[in-house]
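The first residue in the sequence is number 1, and the count goes up from there.
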Amino acid sequence: QVQLVESGGGLVQAGGSLSLSCAASGGTFSSRAMGWFRQAPGKEREFVAAVIWSSGTTYYADSVKGRFTISRDSAKNAVYLQMNSLKPEDTAVYYCATDVDSIIDRGRNYYTRGSAYDYWGQGTQVTVSS
């Protein structure tokens, strides 16, 4: 059974940085896509970033491009989200997700959809104070 466990959330001042981690287990991830989504109170879940494990291709939401970086570590079966220049509007619960097969890259539009992913972590809270 695939399990995803996020960590690294917390409270930070605007302009600061946080690094989130997602530890994946229960499967082989080299042929999958890994994504980060977030959900703020009263808002719908939104796409943040994704990485195609096999190629390293990355996709970002326009709102985080240039500030956030997604990466993966094959040896540790982990995905990271480095968040810099944080803004109060980045405050949300951040979720890690994975699909079952992305041997072929289906393109950015596909991976921005929550329905593209089959497994989700429990989330980690990120709060950015002004």
Side-chain angles (χ1 to χ4, degrees):
Q1 181 73 6
V2 171
Q3 286 192 319
L4 303 173
V5 180
E6 303 97 333
S7 62
L11 173 64
V12 65
Q13 287 189 329
S17 299
L18 277 177
S19 181
L20 304 184
S21 300
C22 173
S25 62
T28 301
F29 298 92
S30 58
S31 61
R32 301 176 190 245
M34 303 291 291
W36 284 98
F37 286 75
R38 66 187 182 187
Q39 187 166 20
K43 295 188 176 181
E44 293 190 353
R45 181 180 60 194
E46 66 173 356
F47 169 76
V48 175
V51 59
I52 309 304
W53 202 291
S54 58
S55 65
T57 300
T58 58
Y59 300 109
Y60 294 94
D62 289 342
S63 60
V64 307
K65 199 174 296 183
R67 299 188 298 124
F68 291 10
T69 303
I70 187 171
S71 61
R72 84 270 193 243
D73 185 330
S74 298
K76 296 182 178 180
N77 265 1
V79 175
Y80 306 99
L81 186 68
Q82 177 64 42
M83 305 184 295
N84 298 328
S85 302
L86 283 161
K87 305 174 181 180
E89 51 263 44
D90 294 318
T91 295
V93 177
Y94 283 70
Y95 297 92
C96 173
T98 186
D99 64 359
V100 294
D101 180 11
S102 279
I103 286 287
I104 298 174
D105 187 341
R106 295 178 173 84
R108 182 183 181 280
N109 285 345
Y110 178 81
Y111 295 109
T112 63
R113 302 198 298 255
S115 59
Y117 301 85
D118 302 281
Y119 300 95
W120 295 79
Q122 83 288 348
T124 186
Q125 176 71 48
V126 172
T127 303
V128 184
S129 62
S130 56

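Looking only at atom types and distance, the side chain of Trp53 has a donor-acceptor partner in the side chain of Ser74 under 3.5 Å away. Judged purely by distance below 3.5 Å, without hydrogens or angles, the side chains of Ser102 and Tyr110 never pair a donor atom with an acceptor atom.
How far CD of Gln82 is from CD1 of Ile70: 12.5 Å, rounded to the nearest 0.5 Å. Here the straight-line distance linking atom CD of Glu6 with atom SG of Cys22 works out to 5.5 Å at 0.5 Å rounding. Between atom OG of residue Ser115 and atom CG of residue Asp99 there is a gap of 11.0 Å, rounded to the nearest 0.5 Å.
Lys65 has a carboxylate O that lies under 4.0 Å from a charged side-chain N of Asp62, or vice versa, which qualifies the two as a salt bridge.
Nearest approach of Met34 to Thr98, heavy atoms of both residues: SD-OG1, 3.2 Å. Ile104 and Tyr111 make their closest contact through O-OH, 3.6 Å (heavy atoms, listed as atom of the first residue, atom of the second, distance). The two residues Arg45 and Gly114 make their nearest non-hydrogen contact at NH2-CA, 3.8 Å. Shown here for Thr112 and Phe37, the closest heavy-atom pair between the two residues is O-CE2, 3.6 Å. In terms of heavy atoms, Ala33 sits closest to Tyr117 at O-CE2, 4.3 Å. Ala24 and Leu4 make their closest contact through CB-CD2, 3.6 Å (heavy atoms, listed as atom of the first residue, atom of the second, distance).
Ring-plane geometry between Tyr95 and Trp120 is classed as perpendicular, the angle between the planes exceeding 60 degrees on a 0 to 90 degree scale with a lower cut at 30.
For Phe47 and Tyr59, the ring centers sit 6.0 Å or farther from each other.
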Val100 and Arg32: CA distance, side-chain angles, deciding distance, side-chain contact (heavy atoms from CB on, under 4.5 Å) verdict: CA-CA 6 Å; Val100 294; Arg32 301 176 190 245; 4.2 Å; yes
Audit row: Trp36, Cys96, side-chain contact (heavy atoms from CB on, under 4.5 Å) steps and yes/no: CA-CA 5 Å; Trp36 284 98; Cys96 173; 4.1 Å; yes
Chi angles and distances behind the side-chain contact (heavy atoms from CB on, under 4.5 Å) call for Phe68, Asp90: CA-CA 11 Å; Phe68 291 10; Asp90 294 318; 3.9 Å; yes
Trace of the side-chain contact (heavy atoms from CB on, under 4.5 Å) decision for Thr91 with Gln125: CA-CA 8 Å; Thr91 295; Gln125 176 71 48; 4.0 Å; yes
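Connection of Val93 to Leu86 is not established within any shared hydrophobic cluster, with ILVMFWY side chains joined at heavy-atom distances below 4.5 Å, either directly or through further cluster members.
Proximity of Met83 to Leu20: side-chain heavy atoms (C-beta onward) are separated by under 4.5 Å at one or more points. A heavy-atom distance below 4.5 Å is found between the side chains of Tyr60 and Thr69.
Proximity of a side-chain donor or acceptor of Ser21 to a complementary backbone N or O of Tyr80 within less than 3.5 Å is not detected. With Arg72 contributing its side chain and Val79 its backbone, the two residues share no donor-acceptor pair below 3.5 Å. The backbone N or O of Ala92 sits nowhere less than 3.5 Å from a side-chain atom of Gln39 that would complete a donor-acceptor pair.
Here Ser54 pairs with Ile52 under the side chain to side chain contact (heavy atoms under 4.5 Å, CB included) rule; sequence neighbours left out.
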